[in-house]
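To start, the structure itself, in structure tokens.
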Amino acid sequence: MSNLISAAREQWKELLLRAYEQAVADGVLPSGAAAVDPEPPRDPSHGDWASSFALAAAKTLGKPPRMIAEAVRDRVELTGSFFATCAVAGAGFLNGRLGTSFFAALLADISREGEAYGRNDLGHGKPVMVEFVSANPTGPMTLGNARGGVLGDTLASVLSACGYKVSREFYLNDAGHQVDMFGRSIDARYIQLLRGEDAYVFPEDGYHGEYIREFAAAFAEQHGDSFLDKPDDVRREAMAAFALPQNVRRMKDDLARYGIVYDRFFHETELHNSGYVKETIDLLTERGHTYEKDGALWFEATKFGCDKDEVMQKSNGFFTYFAVDIAYHRNKFVERAFDTAIDVLGADHHGHTLRFAAAMEAIGVDPARLRFVLMQLVHLTRDGEVVRMSKRTGRAITLSDLLDEIPVDAARFFFNNRQTGSHLEFDMGLAVRQDSDNPVYYVQYAHARLCSLLRELAAEGFAPPEGGAADVSLLSTPQERELLAALAAFPEEIALAAQELEPFRINRHLIKTAAAYHRFYNECRVKGSDKPLLLARLALCASARTMLRNGLGLLGVSAPEKM
RNA sequence: GCGCCUGUAGCUCAGCCGGAUAGAGCAACUGCCUUCUAAGCAGUAGGCCCCGCGUUCGAGUCGCGGCAGGCGUGCCA
């Protein structure tokens, strides 16, 4: 639960502020300057925390930044702090270098917390729902669903690590036009199967996939031609009722294979059957946010900053998708009392975010409780060539096709290896490659190397020292310091990933840490060193293994002990 | 037309609420295994950070105006 790195930052801020106050008391500097949050210097050779206090204060105090910085530096009291040195550099930066006490505390923390290292309690147990994928249940899942699945699942894990009570949810659109068309499509194939291709014109906007024919054939297998003389709507509903659960079953299987398990599949039909959609629309009307026009019921979105109003109930009496979704989100916040709901959506849905916020405000829910992760599209390539279709099926590549070819670890790592707002290029050639070009192996290899090293040391009778009993001051090479810094930064990365809804940060940090370890490995021998140094490096390695394992765990990627 | 997103090395992308000499990986070139896993490491080379103006002690980062690409703007979902 600790976050030593941010504790150190706060301490640096405080130490400099106190030194400044001393300089004021000494009559060297005028009063009036405000504290500044230190930041990590871009170049690690400058130290661990840098403050631009003197630069920011220069104008207020009417003194040159370097003069201010030097006056502060001369009065900074490092005894008993995490810091070993304070230096002035550049235009007037005050650079602090962490000392042994910090690193000893760090390794002790990691050793004590083990698999909990990196976690925090930002969430205080507040209930948060992450809704993701929510793919149309009338067909196979797409690559977009594949990316959304990883983002949602990883984000949920990250939030969970931050002390939120997280619920993973899949919204199942098992009602409405799409399902109707699903039934009509299967029905058309059913009739064509029994009476010949020319006997029935396939609906133009129907689902053309081969799987529709398969459902029709399966239905015919079970029921023969007994449905041919039934009324259209009876037939179609029977087809949908027959095929939908099977398709949902397949989606769940694919998701499970992908390492994704939901807390709940929420059925849209529940909202209709219970009258909740109508109740929600009535609520909007009661609150005076709707009007009738052209036989339809409209929501006055323009009252809440949108550029146009939205239809809630069509003139044919059916509710729009938007209306149902408002009801669904009301259910999340009001009936189920989630503190925050996060929707992972394709960027092509960005137009909804404003409308949703407006709708939440209109029903009396703070719009800030609804947050969106908008993800850009996926471009699939194979060794530089764009891939659109599966060679095997001749159709757009599905999640299932992808998992047939790409190991789950690689798929999960790749889909989270870019910021959500960036287009993601997924190189299938790279994803299956088992070498260091492939970042997932790079990280896993670092973990496996650590495990191997720790096994060898254990065989020689060396166990990681309890509670940081090693002499950390011996860890003084740049490689050791870089690795320590990466280990220290992990809790803050998790916190930022949760706050900013950027699960990609975990990938980035893992790659950074793995790189630091590989450099350490090449430069610093553990086996065969003098015992105090060996023990200090052993403690470092044990901590590094813990951090890498915890990070991979958040991603749902395995941490192999041998490769 | 209006709105949102993106524009950084040949390619794919980082750049953490404005900070020091703009980074990583790939591709190219040069090195490193009798030693804890070479699935690794070190080095060289590669940049009008799309353009212009502005704010600031300081701009890849903030503001305004352009340019280019993507998406949205349905009584579709």
Considering only nitrogen or oxygen atoms on both sides, find all protein atoms under 3.5 Å from nucleotides 14-17 of chain B and state each distance.
residue : atom : partner  : partner atom : Å
B:A14   : OP1  : A:Gln419 : N            : 3.3
B:A14   : OP1  : A:Ser422 : OG           : 2.8
B:A14   : O3'  : A:Arg508 : NH1          : 3.0
B:A14   : O2'  : A:Arg508 : NH1          : 3.3
B:G15   : OP1  : A:Gln419 : NE2          : 2.9
B:G15   : OP1  : A:Arg508 : NH1          : 3.0
B:G15   : OP2  : A:Gln419 : NE2          : 3.0

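- The gap from the C1' atom of B:C33 to that of B:C13 amounts to 32 Å, rounded to the nearest Å.
- Here B:C76 sits opposite no nucleotide as a Watson-Crick or G-U wobble pair (both hydrogen-bonding atom distances under 3.5 Å).
- Of the side-chain N and O atoms in A:Arg537, none sit less than 4.0 angstrom from OP1 or OP2 of B:C36.
- If you find the closest nucleotide of RNA chain B to A:Gln178 and to A:Gly421, the one lying nearer the 5' end belongs to A:Gly421.
- Residues from residues 518-533 of chain A that place a heavy atom under 4.0 Å from any atom of RNA chain B, listed by number: A:His518, A:Arg519, A:Tyr521, A:Asn522, A:Cys524, A:Arg525, A:Val526, A:Lys527.
- Shown here, B:C26 forms a base pair with B:G10; the pair counts as Watson-Crick or G-U wobble because both key distances fall under 3.5 Å.
- Using a 4.0 Å heavy-atom cutoff across all strands shown, A:Ala58 reaches no nucleic acid atom at all.
- No donor-acceptor contact under 3.5 Å links the side chain of A:Thr320 to the base of B:C75.
- With B:C36, B:U37, B:A20 as the choices, the nucleotide that has an atom nearest any side-chain atom of A:Asn95 turns out to be B:A20.
- Within the shown strands, B:G52 is the pairing partner of B:C64 under the Watson-Crick or G-U definition, both distances less than 3.5 Å.
- The gap from the P atom of B:G31 to that of B:C36 amounts to 24 Å, rounded to the nearest Å.
- Spacing between B:C51 and B:U8 at atom P, rounded to whole Å, works out to 10 Å.
- A:Ala446 comes within contact range of no nucleotide atom at all, as no heavy-atom separation falls under 4.0 Å.
- Atom-to-atom, CZ of A:Phe414 to P of B:C13 comes out at 12 Å; the value is rounded to the nearest Å.
- The distance from atom CZ of A:Phe415 to atom C1' of B:U12 is 15 Å, rounded to the nearest whole Å.
- Atom pair A:Leu457:CG and B:U35:P shows a separation of 17 Å (rounding to whole Å applied).
- Residue A:Tyr442 places at least one side-chain N or O under 4.0 Å from the OP1 or OP2 atom of B:C41.
- Taking atom CZ of residue A:Arg382 and atom P of nucleotide B:C26, one finds them 22 Å apart after rounding to whole Å.
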Write down the protein N/O and nucleotide N/O pairs, taken from nucleotides 56-59 of chain B, whose separation is under 3.5 Å; answer none if there are no such pairs.
residue : atom : partner : partner atom : Å
B:C57   : OP1  : A:Lys59 : NZ           : 2.8

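- Of the candidates A:Glu425, A:Arg147, A:His423, A:Arg418 forms a side chain to side chain contact (heavy atoms under 4.5 Å, CB included) with just one, namely A:Arg147.
- No donor-acceptor contact under 3.5 Å links the side chain of A:Asp348 to the base of B:A77.
- Residue A:Asp530 qualifies as open at atom CG: its count of foreign heavy atoms under 6.0 Å is 12 or below.
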- Task: Please step through salt bridge (Lys or Arg N to Asp or Glu O under 4.0 Å) for the pair A:Glu523 and A:Arg519, ending with a clear verdict.
- Result: CA-CA 6 Å; A:Glu523 200 61 35; A:Arg519 280 193 279 269; over 6 Å; no
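- The backbone N or O of A:Ala486 sits less than 3.5 Å from a side-chain atom of A:His509, completing a donor-acceptor pair.
- Rounding to whole angstrom units, CZ of residue A:Arg355 and C1' of B:C4 are separated by 12 Å.
- Taking atom C1' in both B:G15 and B:G7, one finds a spacing of 15 Å when rounded to whole Å.
- Only the C1' atoms considered, B:G65 is 38 Å distant from B:A27, to the nearest whole Å.
- Other residues, nucleotides and ligands place more than 12 heavy atoms under 6.0 Å from the OH atom of A:Tyr291.
- Between A:Phe356 and A:His329, the ring centre distance stays below 6.0 Å.
- The distance between the ring centers of A:Phe132 and A:Phe170 does not fall below 6.0 angstrom.
- In this structure B:U35 sits in no base pair that meets the Watson-Crick or G-U test at under 3.5 Å.
- Partner assigned to B:C16 is none, using Watson-Crick or G-U wobble distances below 3.5 angstrom.
- Results of the side chain to side chain donor-acceptor pair (under 3.5 Å) test with A:Gln178 over A:Thr138, A:Asn173, A:Asn136 single out A:Asn136 as the only residue that passes.
- At a threshold of 4.0 angstrom between heavy atoms, the contacts of A:Asp294 include nucleobase atoms, whether or not backbone atoms are also involved.
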- Message: Could you walk me through whether A:Gln444 and A:Ser558 satisfy the side chain to side chain contact (heavy atoms under 4.5 Å, CB included) test, starting with their C-alpha distance in whole Å, then the side-chain angles of each, then the deciding distance to 0.1 Å, before giving a yes or no?
- Response: CA-CA 8 Å; A:Gln444 287 180 320; A:Ser558 68; 3.3 Å; yes
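- Residue A:Asn507 is classed as having no contact, given no heavy-atom separation below 4.0 Å to the nucleic acid.
- Taking atom C1' on both nucleotides, B:C71 is separated from B:G25 by 29 Å, rounded to a whole Å.
- Residue-level contact check: A:His423 touches the backbone only, with heavy atoms under 4.0 Å from sugar-phosphate atoms and none from bases.
- Summarising the base pairing, B:G58 is matched to no nucleotide, lacking a Watson-Crick or G-U wobble pair whose two defining distances lie under 3.5 Å.
- The P atoms of B:G3 and B:G66 are separated by 10 Å, rounded to the nearest whole Å.
- A cation-pi contact, defined as under 6.0 Å to the ring centre and within 45° of the axis, is absent between A:Arg97 and A:Phe83.
- Partner of A:Glu460 under the salt bridge (charged side-chain N to carboxylate O under 4.0 Å, His left out) criterion, chosen from A:Lys531, A:Arg455, A:Lys527: A:Lys527.
- In the displayed structure, A:Lys278 atom NZ is contacted under 6.0 Å by at most 12 heavy atoms of other residues, nucleotides or ligands.
- Comparing A:Gly295 and A:Glu39 along RNA chain B, the residue whose closest nucleotide (by nearest heavy atom) sits nearer the 5' end is A:Glu39.
- Within a 6.0 Å radius of NZ in A:Lys13, more than 12 heavy atoms belonging to other residues, nucleotides or ligands are found.
- For A:Lys308 and B:C2, the shortest distance from a side-chain N or O to OP1 or OP2 is not below 4.0 Å.
- Distance CG (A:Asp309) to P (B:C75): 11 Å, rounded to an integer number of Å.
- Taking 3.5 Å as the limit, the base of B:C71 and the side chain of A:His350 contain a donor-acceptor pair of atoms between them.
- An anti base is found at B:C26: its glycosidic angle is more than 90° from 0.
- Pairing of B:C71, defined by two Watson-Crick or G-U wobble distances under 3.5 Å, is identified with B:G3.
- Taking only distance into account, the side chain of A:His349 never meets the base of B:G72 through a donor-acceptor pair shorter than 3.5 Å.
- Aromatic ring centres of A:His350 and A:Phe372: separated by at least 6.0 Å.
- When the P atom is compared between B:C50 and B:A45, the two are found 24 Å apart, to the nearest whole Å.
- When all heavy atoms of A:Ala362 and A:Leu284 are compared, the pair lying nearest together is CB-CD2, 3.5 Å.
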